[in-house]
Amino acid sequence: MNLTNSLLIKLRGNSITTSFLLHSNFSTNRSMLHKITNLNHALNLFDEMSQRRPLPSVVKFTQLLHLVTKMKHFSSSLHLFNQMCSLGVPVNEYSMSIAIKCCCQLHRTKDGFALLGSCFRRAIPPNVYIFSALIDGLVLEDRILDAEMLFKKLIKQKLCEPNVVMYNTMIKGLCKFSNNVTALALLRLMEQTNCKPDIFTYSTIIDSLCKDKLIDDAFKLFKEIVCNKSILPDVITYTSLICGLCKFGHWDEASKMLKQMEDENISPNVHTFNVLVDAFCKEGKVEEAEAIINIMIDRGKVPNIVTYNSLIDGYCLRGEMIKAREIFYSITLRGLVPGVVTYNSLLNGYCKNLNIEKAVQMFHEMTGKGLKPNVVTYNTMIQGFFRVGRFVDARKLFDEMHAQGQNPDQYTYRIVLEGLCNNHQVEEALSLFHLMGDSKLNSDIVVYNILINGVGKCGKVDIARVLFQGLIDKGLQPDVRTYNVMISGFCREGQLGEAKLLFLKMEESGCPPDDVTYRVLLQGYLKNRHYDDVEMLLQEMDDRGYSLDASTLSLFIDHIAAGLLDRSMLKLLGKLVPKELLNDPRLCDWE
DNA sequence: ATAGGGTTAG
């Protein structure tokens with residue numbers, strides 16, 4: 001054994017593989033590559049291969065490069081590519097497409113394009129593999145317009161013949177930005193060419209439609225493939241549809257789909273079951289989730305870490321932290337490893353249940369285990385600190401987040417603004433907002449809703465008005481919440497006329513009022529002893545099938561008891577009381 | 001005889 005090899009053993013600590021490599025006559029055939037199961041194996045093999053004389057063929061090196069890429073070790077793969085280059089292994093379109101893919105997946109599409117430049121210098125004609133990787137990279141960096149431009153340019157200038165994968169990559173990008181219309185148009189375009197859409201094309205769009213709650217459109221597309229019969233739906237297609245149904249709480253239809261797929265001889269996989277488990281847990285229906293887990297085990301599928309992460313979420317949502325913790329500790333016993341997502345779920349649970357001390361303890365436990373907190377972790381903790389009024393600690397963590405190289409995202413910004421508003425620091429929130437200027441973060445309707453709500457709550461309805469006009473000027477669309485917080489602000493200041501005007505504007509702006517709008521407006525009217533429209537509003541609520549919440553109802557009872565409102569209103573009110581409130585003892589004696 | 005695509009976390 002030479003010095004280099006013994007050093008390798010020490011460095012990479014995998015003597016079994018290395019000795020195996022040394023005693024196998026250095027062959028790098030397919031069966032050899034099969035035995036590579038982790039990065040160390042692959043790196044050891046690469047080192048060994050590069051010492052052989054003559055050097056193994058480009059093909060062997062590329063196979064290994066591919067393997068490392070498939071393990072998602074993109075930066076290692078890029079490093080090996082560079083080493084291959086310095087060894088003098090000739091670069092071809094195969095290794096080049098892998099290298100470009102790696103750059104793109106590392107969010108370094110710029111470097112991918114630099115490699116594209118070197119393709120031209122090396123007389124390697126870039127092909128559809130390379131261009132697809134670049135389009136994918138642009139999409140990954142949210143540069144959808146650049147991706148579209150490149151895609152169109154390639155077709156127009158006939159720089160490469162697009163194939164189904166390239167179309168699918170572009171369609172995936174469009175779907176990422178909810179541009180289902182263009183995605184569908186591309187699918188129709190494909191039908192006109194000899195590059196027919198496949199199950200990937202359909203699944204991508206079906207999934208996107210489900211995510212955008214366009215479940216009927218998703219099923220229309222699904223029926224198309226079922227009738228067509230030339231493309232068969234697979235487990236992923238079904239899983240996406242089941243996921244869409246679950247998000248709507250259409251449990252019966254979801255279980256019908258599960259049955260239907262099994263009738264078609266498509267077995268649901270762990271992912272399919274996880275979608276169901278997750279949907280139940282998000283509704284706090286942990287019993288149902290546990291039942292699904294049992295079915296999954298009966299079918300011979302082993303629940304994985306994702307399954308348990310959902311279950312933890314479910315128990316946290318119900319505030320059953322002891323149970324959540326129990327699941328958390330059972331993970332290790334099952335031979336699974338809790339990841340950042342697992343910790344994030346539990347941290348979220350502790351924060352939402354206002355046990356910030358426990359959250360802090362778990363946060364330290366996670367970093368102690370070498371897990372790197374991500375942006376979700378920081379957002380969760382920052383929100384947790386704000387919730388209990390510890391805004392100084394929130395600020396500290398926000399700074400630490402920067403220091404740890406985790407870039408705040410749109411959620412961080414929302415959390416900080418909301419946290420400041422709720423901690424009586426509206427001025428601070430406003431100056432942060434102004435500091436951000438016209439950035440992308442400030443083109444978020446949720447941010448406006450938070451601020452309008454914040455300023456409204458401290459009576460600064462004039463500032464709310466300016467903010468509202470500002471978002472309109474920016475071309476942003478106010479949503480129901482925007483209107484609700486504005487109306488609430490007006491009501492609080494007794495500006496009922498303004499409130500009513502905005503309320504009437506909702507319908508004509510294509511944003512019909514929801515139950516909250518009615519509750520806010522009714523409370524405003526009652527508190528200001530302005531009863532003219534009350535009966536009409538209650539009637540409208542009934543027509544729309546809305547119900548009253550406990551606090552509005554209680555306000556009504558007070559007003560009736562004080563003789564301010566006529567008892568004839570009771571009948572209408574009775575219709576608007578949801579079943580859960582009917583058991584309220586205070587309501588028993590007013591019939 | 002070496003490259004590419006679709007389903008789950010705040």
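Reminder, nothing fancy here: chain letters follow the sequence lines and each chain counts from 1.
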Within this structure, what is the [atom1]-to-[atom2] distance between [X] and [N], rounded to whole angstrom?
X        : N     : atom1 : atom2 : value
A:Leu232 : B:dG6 : CG    : P     : 20 Å
A:Leu174 : B:dG6 : CG    : C1'   : 14 Å
A:Ile331 : B:dA9 : CD1   : C1'   : 13 Å
A:Phe74  : B:dG4 : CZ    : P     : 10 Å
A:Lys60  : B:dA3 : NZ    : P     : 12 Å
A:Met166 : B:dG6 : CE    : P     : 15 Å
A:Lys352 : B:dA9 : NZ    : C1'   : 12 Å
A:Lys176 : B:dT8 : NZ    : P     : 13 Å

Would you mind checking if [Y] and [X] are paired as a salt bridge, meaning a charged N to carboxylate O distance below 4.0 Å?
X        : Y        : result
A:Lys172 : A:Asp136 : yes
A:Lys220 : A:Asp216 : no
A:Glu224 : A:Arg188 : yes

State whether the distance check finds a donor on one side and an acceptor on the other, under 3.5 Å, for side chain [X] versus base [N].
X        : N     : result
A:Thr204 : B:dG6 : no
A:Asp234 : B:dG6 : yes
A:Asn127 : B:dA3 : yes
A:Asp198 : B:dG6 : no

Under 4.0 Å between any heavy atoms, over every strand shown, what does [X] touch: base, sugar-phosphate, or nothing? Just pick one.
X        : answer
A:Asp207 : sugar-phosphate
A:Lys211 : sugar-phosphate
A:Val58  : nothing
A:Val275 : nothing
A:Ile242 : nothing
A:Lys70  : nothing
A:Val235 : nothing
A:Asp136 : nothing
A:Thr377 : nothing
A:Ser240 : sugar-phosphate
A:Asn304 : nothing

Looking at [options], which one has an atom nearest to any side-chain atom of [X]?
X        : options             : value
A:Lys101 : B:dA3, B:dA9, B:dG4 : B:dG4
A:Asn344 : B:dG4, B:dA9, B:dG6 : B:dA9
A:Asn274 : B:dA9, B:dA3, B:dT8 : B:dT8
A:Ile98  : B:dG6, B:dA3, B:dG4 : B:dA3
A:Phe200 : B:dT7, B:dG4, B:dG6 : B:dG6
A:Val341 : B:dG6, B:dT7, B:dA9 : B:dA9
A:Val165 : B:dG6, B:dT8, B:dG4 : B:dG4

Expected list for residues 173-184 of chain A: side-chain donor-acceptor pairs under 3.5 angstrom, two or more places apart:
residue: A:Lys176; atom: NZ; partner: A:Val139; partner atom: O; Å: 3.0
residue: A:Lys176; atom: NZ; partner: A:Asp142; partner atom: OD1; Å: 2.8
residue: A:Ser178; atom: OG; partner: A:Asp212; partner atom: OD1; Å: 3.2
residue: A:Ser178; atom: OG; partner: A:Asp212; partner atom: OD2; Å: 3.2
residue: A:Asn179; atom: OD1; partner: A:Thr182; partner atom: N; Å: 3.2
residue: A:Asn179; atom: OD1; partner: A:Thr182; partner atom: OG1; Å: 2.7
residue: A:Asn179; atom: ND2; partner: A:Thr182; partner atom: OG1; Å: 2.9
residue: A:Asn180; atom: OD1; partner: A:Ser208; partner atom: OG; Å: 2.5
residue: A:Asn180; atom: ND2; partner: A:Asp212; partner atom: OD2; Å: 2.9

Worksheet item: Are the ring of A:His271 and the base ring of B:dT7 both nearer than 5.5 Å at their centres and tilted by less than 30°?
Response: yes
Worksheet entry | Stacked pair A:Tyr94-B:dA3, distance under 5.5 Å, angle under 30° |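 No; centroid distance or tilt outside limits.
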Discussion item. Would A:Arg414 pass as a cation-pi partner of A:Tyr411, given that its NZ or CZ must be under 6.0 Å from the six-membered ring centre and within 45 degrees of the axis?
Written reply: yes
Worksheet item: About how many Å separate CZ of A:Phe219 and CG of A:Leu241, when rounded to the nearest 0.5 Å?
Response: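 Answer rounded to 0.5 Å: 4.5 Å.
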Worksheet item: Should the pair A:Trp251 and A:Phe280 be assigned to parallel (<30°), tilted (30 to 60°) or perpendicular (>60°) ring geometry?
Response: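 Aromatic pair A:Trp251/A:Phe280 classed parallel.
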